[in-house]
A.B. asks: 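One structure, pasted below without further comment.
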Amino acid sequence: MRLYNFTVNMSTGLLNAKCSEYLLCCCSSGRFGACFLPALCKQSDLQVFAARPGLRLWRSDIRGQVEHTRQLKPLFNTQFELFPRPGPIGAYCPEDRQVGLLSCFLRDGWILSWNEYSIYVLDCLNEVVVGALESSGDIVSVSCCDNEIFILKGDRDVIRLSNGPEGLVMEPPFQQSGLFTSSSRSRSSSVTSYESLHGNTPVTTSCELSCRRYSAPLGQEGLQQELVVKAIRVKKKRRRQGKQEDGQIPCLAESWMGYSGPGCGILSLQVTDRYVWCLDFKGGLFCSGLLETGLNWQRFEDNVHQVALSPSGNLLWKVEQRSMTAFACAKVSVKGKRHWYKAVEQTAFVALSDDSAWIIRTNGDLYLQTGLSVDRPCARSVKVDSPCVFTQVCVSGGVVWALSEHKALFYREGLNSYCSEGEGWKYDTVSEAQGLELMCVALAEGGTAWALDASGSLWFRTGICSSRPQGDDDHWWQISISNYVVFDQGSLFQTLLHATQSVATVTRAPVERVVAFLSQHSQCQPSLVSANGSGVWVASGRNQLHLARGSLVGTFWQNVVPRGTVSATKWSFITSSAVPHREGTFLWLAQSRKDLFCVWDQDGELRPSSILLPFEVKTPLLSQNTHGQVSIRTLSPSCPFGLHWTPLDLNQLGSVRLVSVSCGSQNVWAVDTRGIVYFRVGTQPLNPSMMLPAWINIEPPVQPIGVQLVRIQTSPNDRLLWALDNRGSVLVRTGLSEEMPVGTDWELVPGLAVSQLVLSSRTVWVRCVNGDLARRYGVCDRNPAGDYWKKIPGNANWLTVTPEDELWAVTLIGGLSRRLTKLLPQSPCRPTPSGSSLNGDDVDDEWELI
């Protein structure tokens, strides 16, 4: 090895080098630095890079001769900044970006640059900014080794960046590009990541089974290394509230990218595989190519009432605002001259396939033009009969759907290559059965239909083709695109999730805004959802576009009527048995506090078996009456219904009255009227002649006067323990293990006001005070508090979950329902699964499906 000391000659622009044996290093002074870029062959190929003011980078040979000056300002104008972090109060953000001290990092051509305020990773070969952390402030030192970056902050915090947790061998490496950030100040928080624009990567390892991420564009196709920021706890004299422990790298549950829209709001959205088109409320038509660095909007036309694109993008129609005349354009070019052909007068709406146009006239009549091509963008119109007045038509892959003025959905039967007009319209009963008031619909290649309803929910159906235009599904699947809930004050995770707040209003804002707009412009029909090969796009009222990449999970709550009951039966509660069974789970449900039934969830008819109660039940399964008396029903795999009730001896507790009891596989937890927690080993009643297991008094969490625990819940495998206080706050017991089954401490899990919590074998589900449902993501042995809440579609009066994460609920009107899920692969070359799953969330073994 050699020692090189470089000095910069400012007048000649030369890097002067002196060398000595044994050590390779780089010395610099001031705010700018230099580094070697090692070569694999000979010494003459070695490159030296030096940072210069004004976002410049010198490249020199081994002799110190500057060969090239790279201007980095154009790179910083692209969309590379993954998380524009506002930083703590008083943090200083310099007006002008500057590169600082340099070091080689991870790959050939990758350089890490940092200063007091920012960190940048640059790819000098492909001339892109891989990622950045800006406005961080108070950076004292940065060092890197292999695939790890360590940041030392002024408050002695050390932050580690890597492509995985410590000790985890990533083989093969992730195939995305992204920069993650986290902080050591909080553990019950969340992290956000960004994906490359070039599709999803198959994930095969067991720890990567299910991760969806809120994403934004990064840069370049060749970047295939993921950076993860992970906090390292540094010992301090002052004890922090809440311990920082190594945990699984958390990630968001959905894969949504955010883009800024053009103009004044978005009234209509159209996407092809190459371009994104947006029509704003003032009639401005804008276009952007799907660039690797983001969207670059250009004004295309003015005074446009509606726009339509063919799936290939070869045909473009517009409807003018004042004349309501449709014009067709072929050989579409964003720049240069365009020739518009007058197509149809008095036009309200147009939908295009690659060879046809479906036209709704202002009087409600429906027309069709066929035989269209690049050389013939419009043709003679032929009237098509319609059962009612349509306001929107969508066409793709030989399938035509239409939406009436009363929001009824129709599909066209009989379309094929010999009959482009089809045979007739048929009413879609699926939407009516679910009571959906659809605002706009879109058909995507691959047989998927998308819809937005008036309440702002996003839905999809699959299996749609010309031979079966209604699709394979007998119901719509709802996609959760909102409601990430994080309220960890001072946490960098929360700061990062500010970037997803626009996702939380992806559809609700636009629907409200569009409805108000339509009240003044009755001829306008919004098109806020569209799809291409990249995924599904949704427009929001904040002038934002959101793209869902990767696989998504759809939810449908199926109403269930056990055999021998009627649909009008009112159920009071339902709970799942923690006793393992060879297949499925036994559910316990009641119509009142005196009638208890047991059903097997794998029984297609759900035939209930009546169970006689010893008294009026207050807590199901571990039966408890209003006087605090508890009876146990012994269950086993061979006798899942149990045989009889046995009173539980509570003499040891004296006058203590229990208000909540929860059983795991080995242990029992309880809470009394004062909020005191009790623990005992053994869930079964013992012979009275033997020594009874002792109840151990567990110190409750420290809380304000008047606040105490009222509910406690353990997981079926005894690995999780969560509790609820009388304010609806959630707490978790940390330090649980086989060696320490009572745990070590309590930790508050903020974010939601909860009225009920239930635990599966690996995670936590809650029912909020308003009936909304949510799940805690990131729960594991090393991180029992998890990372963040995410609400799921649905609303309930009572909730239960099986050990395998299958949800059952009592609806708001007292009915019984279970949650079905469907995985939707967002790839045109992958078939859509035809079957439903009761546990679509089992793709979350602490990692989420990318």
Side-chain angles (χ1 to χ4, degrees), residues 407-409 427-438 453-455 457 459 461 473-478 554-577 584-621 623-626 633 640-641 755-756 758 765-773 791-802 806-822 836 838-839:
K407 310 307 178 186
L409 184 63
Y427 178 63
D428 179 56
T429 58
V430 173
S431 303
E432 181 186 28
Q434 287 185 251
L436 299 182
E437 184 181 353
L438 302 181
D453 66 11
S455 65
S457 299
W459 307 80
R461 278 158 63 179
D473 298 323
D474 57 1
H475 55 262
W476 289 91
W477 299 91
Q478 185 176 356
T555 295
F556 173 71
W557 285 94
Q558 181 186 54
N559 293 327
V560 175
V561 180
R563 185 176 179 179
T565 65
V566 296
S567 58
T569 300
K570 305 295 183 182
W571 300 97
S572 60
F573 66 77
I574 180 173
T575 188
S576 171
S577 175
T585 304
F586 282 86
L587 302 170
W588 300 76
L589 56 155
Q591 297 177 8
S592 67
R593 295 190 182 275
K594 296 182 179 180
D595 302 317
L596 185 66
F597 301 91
C598 185
V599 298
W600 183 39
D601 66 352
Q602 300 300 305
D603 180 5
E605 297 182 347
L606 291 180
R607 288 164 289 195
S609 299
S610 179
I611 306 296
L612 182 64
L613 288 170
F615 40 67
E616 182 176 340
V617 66
K618 182 177 180 181
T619 301
L621 272 202
S623 180
Q624 181 186 34
N625 68 2
T626 55
R633 191 170 184 87
F641 292 172
S755 59
Q756 183 194 1
V758 292
W765 304 79
V766 297
R767 177 173 58 89
C768 303
V769 293
N770 62 354
D772 289 346
L773 308 178
K791 292 185 180 179
I792 64 170
N795 209 276
N797 268 346
W798 192 269
L799 180 69
T800 192
V801 63
T802 69
E806 297 174 4
L807 289 183
W808 292 72
V810 175
T811 67
L812 298 180
I813 60 174
L816 188 63
S817 64
R818 62 179 175 180
R819 180 182 180 237
L820 303 180
T821 59
K822 185 167 189 175
S836 302
L838 294 179
N839 54 345

A.B. asks: Roughly how far, to the nearest 0.5 Å, is OG1 of T800 from CH2 of W765?
C.D. replies: 12.0 Å

A.B. asks: Is a side-chain donor or acceptor of W798 paired with a backbone partner of I574 at a separation under 3.5 angstrom?
C.D. replies: yes

A.B. asks: Could you tell me which residues satisfy side-chain hydrogen bond (donor to acceptor under 3.5 Å, both in side chains) with N795, sequence neighbours excluded, listed by chain and number?
C.D. replies: D772

A.B. asks: Would a 4.5 Å heavy-atom cut-off, applied to side chains only, mark I792 and R819 as touching?
C.D. replies: yes

A.B. asks: Using the rule given for side chain to side chain contact (heavy atoms under 4.5 Å, CB included), can you reason through T811 versus W557, listing the C-alpha separation, both sets of side-chain angles and the distance that settles it, and then say yes or no?
C.D. replies: CA-CA 10 Å; T811 67; W557 285 94; over 6 Å; no

A.B. asks: With under 30° as parallel and over 60° as perpendicular, where do the rings of W571 and F597 fit, or are they tilted in between?
C.D. replies: perpendicular

A.B. asks: State the CZ-OG1 distance between R607 and T565, to the nearest 0.5 angstrom.
C.D. replies: 13.5 Å

A.B. asks: With rounding to the nearest 0.5 Å, note down the distance linking CG in L409 to OH in Y427.
C.D. replies: 8.5 Å

A.B. asks: Quick one: does S817's side chain have a donor or acceptor within less than 3.5 Å of a partner on Q558's backbone?
C.D. replies: no

A.B. asks: Please name the pair of heavy atoms, one in S572 and one in Q591, separated by the smallest distance, quoted to 0.1 Å.
C.D. replies: OG-C, 3.8 Å

A.B. asks: Mind listing the closest non-hydrogen atom pair of H475 and R461 along with its distance?
C.D. replies: O-CG, 3.5 Å

A.B. asks: Can you give me the closest heavy-atom contact between N797 and R767, atom names plus distance?
C.D. replies: O-CZ, 3.0 Å

A.B. asks: So does I813 have more than 12 non-hydrogen atoms from other groups sitting under 6.0 Å from CD1?
C.D. replies: no

A.B. asks: Can you tell me how far apart CG (L438) and CD (E432) are? Round to the nearest 0.5 Å.
C.D. replies: 11.5 Å

A.B. asks: With a 3.5 Å distance limit and no angle check, can you tell me whether Q756 reaches the backbone of L799 through a side-chain donor-acceptor pair?
C.D. replies: yes

A.B. asks: Quick check: does any side chain N or O of D601 sit under 3.5 Å from a backbone N or O of F586, one acting as donor and the other as acceptor?
C.D. replies: no

A.B. asks: Taking only residues two or more places apart in sequence, or in another chain, which ones meet S431 in a side-chain hydrogen bond (donor to acceptor under 3.5 Å, both in side chains)?
C.D. replies: D428, W476

A.B. asks: Roughly how far apart are L606 CG and C598 SG, rounded to 0.5 Å?
C.D. replies: 11.0 Å

A.B. asks: Before giving the answer on side chain to side chain contact (heavy atoms under 4.5 Å, CB included), spell out for W808 and L589 the whole-Å C-alpha distance, their side-chain angles and the decisive distance to 0.1 Å.
C.D. replies: CA-CA 11 Å; W808 292 72; L589 56 155; over 6 Å; no

A.B. asks: Inspect the contact between D473 and K822 and indicate whether a charged nitrogen and a carboxylate oxygen are less than 4.0 angstrom apart.
C.D. replies: yes

A.B. asks: Are the side chains of V810 and F573 in touch, meaning some heavy atoms are under 4.5 Å apart?
C.D. replies: no

A.B. asks: Are the side chains of E806 and R818 in touch, meaning some heavy atoms are under 4.5 Å apart?
C.D. replies: no

